[in-house]
Amino acid sequence: MKPEHSVRELARLMKIEQAFLEDCLRCGAVAWDELPEEPEVPPARLARLRRLQRLCLSLDIDVFAGSVIVDLLDQMDALQRELDRLRGREP
């Protein structure tokens with residue numbers, strides 16, 4: 001992310017709460033270099049942040065714990081896709 005972009009601008013572009021984005025940056029759930037340099041936010045990044053926010057709100061957990069859970073869910077999804085791919089090749 002370029003220094004001229006503020007957290008407030010990014011939160012507005014991403015349509016998430018500024019305080020939540022600040023928590024994500026503070027605890028390392030999102031790194032500054034992972035944030036977009038241009039005004040458009042990649043859909044995958046938005047989906048991950050929104051998933052994290054929903055999880056934190058619904059389970060009443062902090063961002064760090066939520067990011068661990070989201071990482072594990074992402075890994076599970078990737079493994080399931082690989083398993084489905086391998087099963088599709090078997091007769």
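Position 1 is the first residue of the sequence, and the numbers go up from there.
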Salt-bridge present (D74, R81; N to O < 4.0 Å): no
Under the criterion salt bridge (Lys or Arg N to Asp or Glu O under 4.0 Å), I'd like the reasoning laid out for D77 against R51: C-alpha separation, chi angles, the key distance, then a yes or no. CA-CA 14 Å; D77 291 343; R51 185 180 199 184; 3.6 Å; yes
Test: R85 and E82 ion pair at under 4.0 Å: yes
Mark yes when over 12 heavy atoms from residues, nucleotides or ligands other than F20 sit less than 6.0 Å from its CZ; otherwise mark no. yes
Taking every heavy atom of C27 against every heavy atom of V63, the minimum-distance pair comes out as SG-CG1, 3.5 Å
Rounding to 0.5 Å, atoms SG (C24) and CD (E17) come to a distance of 10.5 Å
With a 4.5 Å limit on heavy-atom distance, are the side chains of I69 and I61 in contact? yes
Any chance you could measure L49, atom CG, to L21, atom CG, to the nearest 0.5 Å? 7.0 Å
For the hydrophobic clusters of this structure (ILVMFWY residues joined by side-chain heavy atoms under 4.5 Å, transitively), does one cluster hold both F64 and I16? no
Exercise: identify the closest heavy-atom pair between R48 and A29: NH1-O, 4.1 Å
How far apart are the C-alpha atoms of D71 and Q75, what are their side-chain angles, what is the distance that settles it, and do they pass the side chain to side chain donor-acceptor pair (under 3.5 Å) test? CA-CA 6 Å; D71 287 342; Q75 289 177 14; over 6 Å; no
Joint cluster assignment, L73 & V68, ILVMFWY side-chain distance < 4.5 Å: no
Could you give the distance from CG (D60) to CG (L55), rounded to the nearest 0.5 Å? 11.0 Å
For M14, does its backbone N or O pair with a side-chain atom of R50 as donor and acceptor, under 3.5 Å? yes
